[in-house]
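Sharing a structure here in structure tokens format.
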Amino acid sequence: MSTNERMQTVPEAETAAAGVSDAQGSERSGELVRVRNLVKHFPVAGSDDVVRAVDGVTFEILPGETLGLVGESGCGKSTVGRLLLRLIEPTEGEIYFEDQNITVLRGKALRDLRGGMQIIFQDPYASLNPRIRVRDIVAEPLVIHGIGGKSEQRERVADLFRKVGLDPDYMDRYPHEFSGGQRQRIGIARALALNPKLIVADEPVSALDVSVQAQVVNLLEDLQSELGLTYLFISHGLAVVEHISNRVAVMYLGRIVEVASAIELYANPLHPYTRALLSAIPIPDPTRKRERIVLTGDVPTPINPPSGCRFHTRCPDAIPECSQIDPDLREVAPGHTVACIRVPGWADAPTAA
């Protein structure tokens, strides 16, 4: 089976995801990552206002799983990824990695943490220094952390090239001499250099052609199986997220509004925003039509978000109470949490931990 066929075979992907989820549930204990009430406000120049990019986010990522994080552009999902890695500092909240609160780490302790948490950036060209040979780009984490001598580092880079499907003979080339897909493989090799446990994949395939997207996604899945990696997979490509994720979290205007297993979320979306997002996924069959949910109005500004539920200004199911009640995430079914007072059973459901 070709790479594209493997990615596009939805029943196989669903079966595999279910198998991975079941296996993980029986084998692992505790979370690799635990985020509690994470907040990031950016000050507005010349004003006392702030941009509420992330405004009270709570979630966890279990060892060996892929958590997909989806939402419209500007909802705060990339900011969450950077906060997770301490690339930017949180305004409030706590981030635990292997039960260690990393928001209090400074200096050497924070640098040592970098080996366990890495990132794959969205733009495979802008994230690579065009003036440096790719062997030095991939070896840079090893140099910074003082791992091995020059010969050991070169051998490690060659091994990483082979692991991501590149010929080690290309190590002495510059980034502009590679295609977009090859450059993203180089970015993946750099992320793997320190043997991380967690990788934040921030829109890793959105800048690539569809056929190349399939190859990169399948590479990430193979690496996860081989190396036991854990992913936070950030994307607005809902079809890709369905394929690669074990669980999916949906963000809207700085908040998470729904979390469930990928199979459950795509089969039974509960939040009106999630339903609207999923209704926009094209069906690769001209004889079938999906009932499209078209949202009215613009996304409100994160400087002054609406009162109550932040989605009520665009929600087709909104009632007057929606502008008054700010719903928290509640578990309305096993493993399925949602923040919406219109969902049956939400009022009596327990608040998500």
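Predicted model, so just to flag it, every value in this text is computed and none were measured. Numbering starts at 1 and runs along the sequence shown.
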List the atom pairs, donor and acceptor, that lie under 3.5 Å between side-chain atoms in residues 126-133 and the rest of the protein, sequence neighbours left out.
residue : atom : partner : partner atom : Å
S127    : OG   : D123    : O            : 2.9
N129    : OD1  : R131    : N            : 3.0
R133    : NH1  : D172    : O            : 2.5

Is the backbone N or O of I244 less than 3.5 Å from a side-chain atom of Y231, with the two atoms forming a donor-acceptor pair by type?
no
Could you go through S78 and E203, starting from their C-alpha distance and side-chain angles, then the distance that decides it, and tell me whether this counts as side chain to side chain donor-acceptor pair (under 3.5 Å)?
CA-CA 8 Å; S78 291; E203 302 271 12; 5.4 Å; no
Check whether any side-chain heavy atom of I341 lies under 4.5 Å from a side-chain heavy atom of C309, and answer yes or no.
no
Lys/Arg-Asp/Glu bridge criterion (N-O < 4.0 Å) met for D326, R255:
yes
Do the non-hydrogen side-chain atoms of E264 and R247 ever get within less than 4.5 Å of each other?
no
Under the 6.0 Å and 45° cation-pi test, does K40 pair with F42?
yes
Has S307 got a side-chain atom pairing as donor or acceptor with S323's backbone, closer than 3.5 angstrom?
yes
Taking ring-ring contact (aromatic ring centres under 6.0 Å, His included) as the definition, give me every residue that meets it alongside F59, ordered by chain and number, with sequence neighbours left out.
none
Distance to the ring centre below 6.0 angstrom and angle to the axis at most 45 degrees; does that hold for R34 and Y96?
yes
Given 3.5 Å as the limit, does a donor-acceptor pair link the side chain of S245 with the main chain of V248, or not?
no
Going by atom types alone, do H41 and D55 pair a side-chain donor with an acceptor below 3.5 Å?
yes
Can you check whether I88 reaches T79 side chain to side chain, under 4.5 Å on heavy atoms?
yes
side-chain contact (heavy atoms from CB on, under 4.5 Å) evaluation trace for T230 with I199:
CA-CA 6 Å; T230 301; I199 290 182; over 6 Å; no
Is the backbone N or O of G71 less than 3.5 Å from a side-chain atom of K77, with the two atoms forming a donor-acceptor pair by type?
yes
For A207, is there any backbone N or O sitting under 3.5 Å from a side-chain donor or acceptor partner on Q122?
no
Determine, using the 4.5 Å side-chain heavy-atom cutoff (strictly less than), whether I281 and F233 are members of one ILVMFWY cluster.
yes
Take T337 and E258 through the side chain to side chain donor-acceptor pair (under 3.5 Å) test and state the conclusion after the steps.
CA-CA 6 Å; T337 59; E258 188 167 4; over 6 Å; no
Is there a donor-acceptor pair closer than 3.5 Å between any side-chain N or O of Q182 and the backbone N or O of S179?
yes
Does any non-hydrogen side-chain atom of V257 lie less than 4.5 Å from one of R310?
no
Among residues two or more places apart or on two chains, list those pairs meeting side-chain hydrogen bond (donor to acceptor under 3.5 Å, both in side chains) that have a residue in residues 100-109.
N101-T103, K108-D112
Determine whether I188 and V241 fall in the same hydrophobic cluster, where Ile, Leu, Val, Met, Phe, Trp and Tyr are linked whenever their side-chain heavy atoms lie under 4.5 Å apart.
yes
Under a 3.5 Å distance rule, please check whether E60 uses its side chain to pair with a backbone N or O of E31 as donor and acceptor.
no
Does the side chain of F178 come within less than 4.5 Å of I186's, by heavy atoms?
yes
With a 4.0 Å cut-off on N to O distance, would you call R36 and E92 a salt bridge?
no
Residue pair G81 / I234: nearest heavy atoms and the distance that separates them
CA-CD1, 3.9 Å
Selection residues 140-150 - residue pairs positive for salt bridge (charged side-chain N to carboxylate O under 4.0 Å, His left out), sequence neighbours left out
none
Partner set under ring-ring contact (aromatic ring centres under 6.0 Å, His included) for F311, not counting sequence neighbours:
Y252, H271, Y273
I want to check something: taking the side chain as every heavy atom from C-beta on, are P306 and P300 in contact at a cut-off of under 4.5 Å?
yes
Which pair of heavy atoms, one from I256 and one from A339, lies closest together, and at what distance?
O-CB, 4.4 Å
Tell me whether R275 is salt-bridged to D317, with the criterion being a basic N under 4.0 Å from an acidic carboxylate O.
yes
Is a donor on one side and an acceptor on the other found under 3.5 Å between the side chain of Q213 and the backbone of L208?
yes
Side-chain donor or acceptor of Q184 paired with backbone N/O of F121 under 3.5 Å:
yes
Just wondering, do P141 and I147 contact through their side chains at under 4.5 Å, heavy atoms?
no
Where the side chain of E177 meets the backbone of Y174, is there a donor-acceptor pair that is under 3.5 Å apart?
yes
I want to check something: taking the side chain as every heavy atom from C-beta on, are P168 and M171 in contact at a cut-off of under 4.5 Å?
yes
Who passes salt bridge (Lys or Arg N to Asp or Glu O under 4.0 Å) against E72, sequence neighbours left out?
R314
Can you name the nearest heavy-atom pair linking I61 to L67, along with the distance?
CG1-CD2, 3.8 Å
